[in-house]
Q: 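The structure follows.
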Amino acid sequence: MASILQSLVACLWASIISTSSRLLGVLPLSLQMWLRRVVNALVVATLVSVTSSAPPGFPSSGNGLWYTAPGAVWYENFLPIGNGYLAAMLPGGTSQEVTQLNIESLWSGGPFQDPSYNGGNSVPSQQTQLAQDMQTIRQAIFASSNGTIDSTSTRLIRYHPYHSSYAGAGYLYATVNSAGPISNYGRWLDLDEGVARTTWSQGSTTFLRESFCSHPLQACVQYLNSTAAGPLPTVTYAYSVAEETGLPTPNVTCLDDKTLSIRNYVAVPGMLYELLAQVEAPGGSVSCAVVAGSNPPNATITVTGAAEAWISWVGGTDYDMQAGNAASNFTFQGADPHNSLVSLLSSANLMSNSYESLLLDHIADYTSVVGKFALSLGQTPDLSTPTDEILASYQTYVGNPYLEWVLFNYGRYLLTSSARGTLPANLQGKWADGQSNSWGADSNINIQMNYWSAEMGNLDVAESLFNYIESTWAPRGAETALVLYNISQGWVTHDETFGHTGMKLSGNSAQWADYPESNAWMMIHAWDHFDYTNDVQWWKSQGWPLVKSVASFHLEKLILDLHYNDNTLVTAPCNSPEQVPITFGCAHAQQLIWQLFNAIEKGFNAAGDTDTAFLNDILAKREQMDKGIRVGWWGQLQEWKFDMDQPNDTHRHLSHLIGLYPGYAIASYSPAIQGGLLYNGTFLNYTKEQVLDAAEISLIHRGNGTGPDADAGWEKVWRAAAWAQLGNESEFYKELTYAIERNFAPNLFDLYYPGTPPFQIDANLGYPAAVLNALLQAPDVASLSIPLQVTLLPALPSTWSSGEMKGARIRGGITLDLEWSNGKPTAATFTVDSNVAGRQRDVVVNYGGNVVGEFTSNAGTTKTITF
Ligand SMILES: *[C@@H]1O[C@H](CO)[C@@H](O)[C@H](O)[C@H]1NC(C)=O
Ligand SMILES: *[C@@H]1O[C@H](CO)[C@@H](O)[C@H](O)[C@H]1NC(C)=O
Ligand SMILES: *[C@@H]1O[C@H](CO)[C@@H](O)[C@H](O)[C@H]1NC(C)=O
Ligand SMILES: *[C@@H]1O[C@H](CO)[C@@H](O)[C@H](O)[C@H]1NC(C)=O
Ligand SMILES: *[C@@H]1O[C@H](CO)[C@@H](O)[C@H](O)[C@H]1NC(C)=O
Ligand SMILES: *[C@@H]1O[C@H](CO)[C@@H](O)[C@H](O)[C@H]1NC(C)=O
Ligand SMILES: *[C@@H]1O[C@H](CO)[C@@H](O)[C@H](O)[C@H]1NC(C)=O
Ligand SMILES: *[C@@H]1O[C@H](CO)[C@@H](O)[C@H](O)[C@H]1NC(C)=O
Ligand SMILES: *[C@@H]1O[C@H](CO)[C@@H](O)[C@H](O)[C@H]1NC(C)=O
Ligand SMILES: *[C@@H]1O[C@H](CO)[C@@H](O)[C@H](O)[C@H]1NC(C)=O
Ligand SMILES: *[C@@H]1O[C@H](CO)[C@@H](O)[C@H](O)[C@H]1NC(C)=O
């Protein structure tokens, strides 16, 4: 009875949400949020009287998300599965499940839609003119009394309107012909196994539906069985685009008796995609039939007489990342995916009539990736409150270690499930509905945040990121460097998809357009990957060539500061990402380029490079460049070299604090290396403490991530990580918990505005990194001869007073197991990889402001610290 009542209430709530989402859209945001709070409070009050318990089979550790009613709204209720190549969103329906599908390379726009697409570049004949424009702009900036100009030449910007969007791939309908009232409903996402399940009863029969996307198979699988003695009722499978806004109706045909082929162009002209969905039903009969009179053709599959049935689907497009270069005329045009999909489907595994082996293979693969690291925050699982209700009663400051722990694991699940394909995790991972997604589901600054937790979290998922940068940015970006900046070395990007490397947006929106340091930010990941793994072979073949070419570009781009005439090298024009003014010597750019040049020195020998002229050039310009660290008129860390920060600037980005987190120019500030700058006739001589104090003042003034420009989850999570870096646990926890309360939806997706779309995955994926940064820090340092400073529990909230992490990675090739209790560490064991020969470093371990251990990271050694 209780569960029927509960299902009813929850269904009612789902329909309120679904209706209100549409209706609320027309109201002002503040009113929408107020209404949502009132409705939420009412619903929580209604549900509190109903007791429930997690569905049978839900992990007893509590590692998952569960609900007592099907989901109504894609962005706030559906549950995600994915293997990197494919993704899907599940509402958890009963007699009908409506699964929304994604194929990682299915994008509208780009060269597929416009043959003249050229990545937003100007034509080579404009190179001289643009170089002159650039000179004029620089002169105007330097001559300006306030160091800024209001606009750049519109000639610089060649944003291509067909820049594109990641697109949904339609819906799979799985219908079981069962009737009668539903009871015992439960749906959940098992984060131990990476499997989504729905269970419900009709009459005396209990059904179970399981869905997962297998990486080894490159296929997704959805399985159905029941407790009935005989066979399942008739099951049908069909495909629909009705809910997938903007996707043209494809040809749905029978490839054979048990396989649907779904095939079309995402737009005309546009990219070709195909999905093959094959049904297995041992002991039953499976048939595929064309729907009479359908045009374009439609078909459905019907299963009768089987005790269990499952559908496995594979999908692909004619996009080819390897064709994003001059040899392929930047077409990204690959082969028709049909043949490779047919062979994927017929791969031995999938044909092997044993569902259990498919499931077990998936679980083994998934756990082998996520299982190298484990965290406990001392949480007590709450197995009697569904995830949406736990979230609804969640409060900033107060927190709830159990939910915070689930969110940590969920972030790692989402990254693993979206990054392991050919393309990296985009702004929505790989989960997007409809043909037009906010910012195209791709963005110039957020994709970086997606990977923050990967190295320290021992998650080996960054390969697709580096392949993508190498294959799609570098080739076209070399053209941009030459034509736009008159720079013949290296490459640059201002934006991403289809090698859109030119500046973006039109008119004088330069704060959006001008972000040529995005490549330098991405190189943090390349350097870190080597620094954490000491994978010399990878460094030589991929990491170093990327880092070197980006450094070559910035080497040529730095120019003498002709405003202060202080003989330093600066970037100009520049701006903080997404923020005016257009000026010179932006702290964000200067700090990133300085870190990049350090990576060149640190990685030079391991790369086996013999180009010492290049190295010497880097070292000389690194010495001469403005390091982007300066304390301004109200004690802030200056965002620009010209001291013009406004104390009331609550911009969403923490651009000038990039060196605090995720970088290290501030966090590991060294007066000896970064100080002593000649500046307007002044000698700068800050202590590290002064620099950190200035960063703190800036962070305070930046607000809590609810400024007039945005109220997103990612800006709060970034602030949380920055506060943790300053060792401030109360501010860290406030921002982290504030993000959860304010921005996270019932399915724990992060929403850009509280309660409303778009879903933006960077807060979900940045979240584990922010949590880690409160538990363990070992920021990079300018030189390998500087000891690595490891800090244990730098910002531990009192709610996590006992806990444990196993398998955390520290740069230098070190693994750490750490335990703590009553807010203090109890044991720490550092194990050094066996491949660090020649790259040993001195490590200093700190806790509570004291050095608690020191060691040299000799290959294969172990250092244990007890407290
Ligand atoms: C190469 O692509 C450009 C558009 O970027 C197009 O104008 C040109 O015709 C293409 N050349 C060839 C040989 O296909
Ligand atoms: C463009 O670069 C070339 C080669 O470095 C240089 O000779 C030329 O002066 C540059 N043009 C402008 C306008 O800066
Ligand atoms: C800089 O000065 C120029 C000219 O005096 C003015 O137009 C512009 O608004 C100023 N910019 C800022 C950021 O103060
Ligand atoms: C249904 O499938 C699940 C998962 O494979 C399995 O554990 C369960 O035993 C099956 N139920 C029945 C009644 O066969
Ligand atoms: C195909 O037919 C099924 C069953 O009638 C229907 O639900 C589905 O929307 C149709 N699909 C397309 C692409 O027309
Ligand atoms: C869809 O089917 C029609 C014929 O029914 C065919 O002409 C067309 O090429 C097919 N489209 C695709 C994308 O295969
Ligand atoms: C911030 O302060 C400046 C200078 O007092 C003022 O011009 C500006 O309008 C303020 N901005 C906001 C968002 O309050
Ligand atoms: C630079 O020096 C000049 C002359 O000493 C002074 O008037 C000006 O305020 C200084 N500017 C800054 C930003 O410190
Ligand atoms: C800079 O500060 C350091 C101490 O932090 C001091 O040793 C040094 O003498 C100072 N140098 C100058 C030029 O003030
Ligand atoms: C965040 O800042 C806004 C604006 O200053 C303020 O209204 C709100 O109370 C703050 N929230 C928290 C949790 O501090
Ligand atoms: C944390 O930051 C807040 C806000 O600036 C400050 O009041 C508090 O003293 C800081 N705590 C620590 C431990 O530094």
Side-chain angles (χ1 to χ4, degrees), residues 29-30 33-34 37 103 106 108 112-113 146 148 167 169-170 239 241 247-255 259-276 290-299 315-319 333-339 341-342 394-399 511 578-581 632-634 636 639-640 643-654 698-713 715-720 722-723 728 730-744 753-754 797:
L29 199 59
S30 54
M33 275 156 44
W34 179 82
R37 285 218 188 88
I103 305 170
L106 187 60
S108 63
F112 291 83
Q113 203 154 344
N146 56 20
T148 76
Y239 174 88
V241 290
L247 187 66
T249 308
N251 292 348
V252 183
T253 55
C254 298
L255 186 71
T259 312
L260 286 178
S261 158
I262 296 134
R263 204 177 140 83
N264 204 11
Y265 297 92
V266 66
V268 181
M271 194 185 279
L272 174 70
Y273 73 96
E274 181 161 336
L275 290 154
L276 295 181
V290 173
V291 176
S294 51
N295 182 28
N298 188 11
T317 70
D318 60 349
Y319 171 89
Q333 183 67 57
D336 185 323
H338 182 77
N339 290 343
L341 292 176
V342 169
Y394 187 85
Q395 288 172 43
T396 308
Y397 295 111
V398 179
Q511 76 271 23
E578 302 182 3
Q579 190 175 186
V580 286
W633 65 277
W634 45 278
Q636 88 283 11
E639 186 152 6
W640 304 281
D643 189 3
M644 58 185 153
D645 304 47
Q646 292 293 336
N648 60 358
D649 180 356
T650 57
H651 196 269
R652 57 195 175 278
H653 285 278
L654 302 179
S698 287
L699 191 55
I700 292 169
H701 283 258
R702 218 51 166 200
N704 62 25
T706 54
D709 57 334
D711 192 350
E715 51 179 321
K716 300 180 183 74
V717 168
W718 191 357
R719 280 160 174 74
W723 279 115
N728 191 319
S730 58
E731 292 297 307
F732 156 72
Y733 199 55
K734 183 187 103 181
E735 282 295 327
L736 192 83
T737 55
Y738 196 34
I740 297 171
E741 181 189 337
R742 201 167 171 80
N743 293 91
F744 283 65
Y753 294 105

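Just follow the structure's listing: the first ligand is 1, and inside any ligand the first atom is 1.
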Q: Any idea which atoms of ligand 7 are less than 4.0 Å away from a heavy-atom of Gln646?
A: 2 (O), 3 (C), 4 (C)
Q: Would you say Leu654 and Arg719 make side-chain contact, with heavy atoms under 4.5 Å?
A: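 Yes. Closest side-chain heavy atoms under 4.5 Å.
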Q: Can an N or O of Tyr738 be found at a distance shorter than 3.5 Å from an N or O of ligand 10?
A: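 The answer is yes, given that Tyr738 and ligand 10 share an N or O pair closer than 3.5 Å.
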Q: Which of the numbered atoms in ligand 10 are under 4.0 angstrom from any heavy atom belonging to Lys734?
A: 14 (O)
Q: Say whether, by atom type as modelled, one donor and one acceptor occur between the side chain of Lys716 and the main chain of Lys734 under 3.5 angstrom.
A: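 Side chain of Lys716 to backbone of Lys734: no pair is present.
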Q: Could you give the N/O to N/O pairs under 3.5 Å linking ligand 6 and the protein, each with its distance?
A:
residue  : atom   : partner : partner atom : Å
ligand 6 : 2 (O)  : Asn251  : OD1          : 3.4
ligand 6 : 2 (O)  : Asn251  : ND2          : 2.1
ligand 6 : 11 (N) : Asn251  : ND2          : 2.9
ligand 6 : 14 (O) : Arg263  : NE           : 3.0

Q: About how many Å separate OH of Tyr319 and CG of Leu272, when rounded to the nearest 0.5 Å?
A: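 It is 15.5 Å, given to the nearest 0.5 Å.
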Q: Within this structure, what is the CZ-OG1 distance for the pair Arg742 and Thr396, rounded to the nearest 0.5 Å?
A: 8.5 Å
Q: Can you check whether Glu639 reaches Asp649 side chain to side chain, under 4.5 Å on heavy atoms?
A: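 Result yes, sub-4.5 Å side-chain heavy-atom pair found.
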Q: Measure the shortest side-chain to side-chain distance between Asp318 and Phe112 over non-hydrogen atoms and say whether it is less than 4.5 angstrom.
A: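 Yes; the side chains approach each other to less than 4.5 Å.
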Q: Are side-chain heavy atoms of Val398 and Thr737 found at a separation under 4.5 Å?
A: no
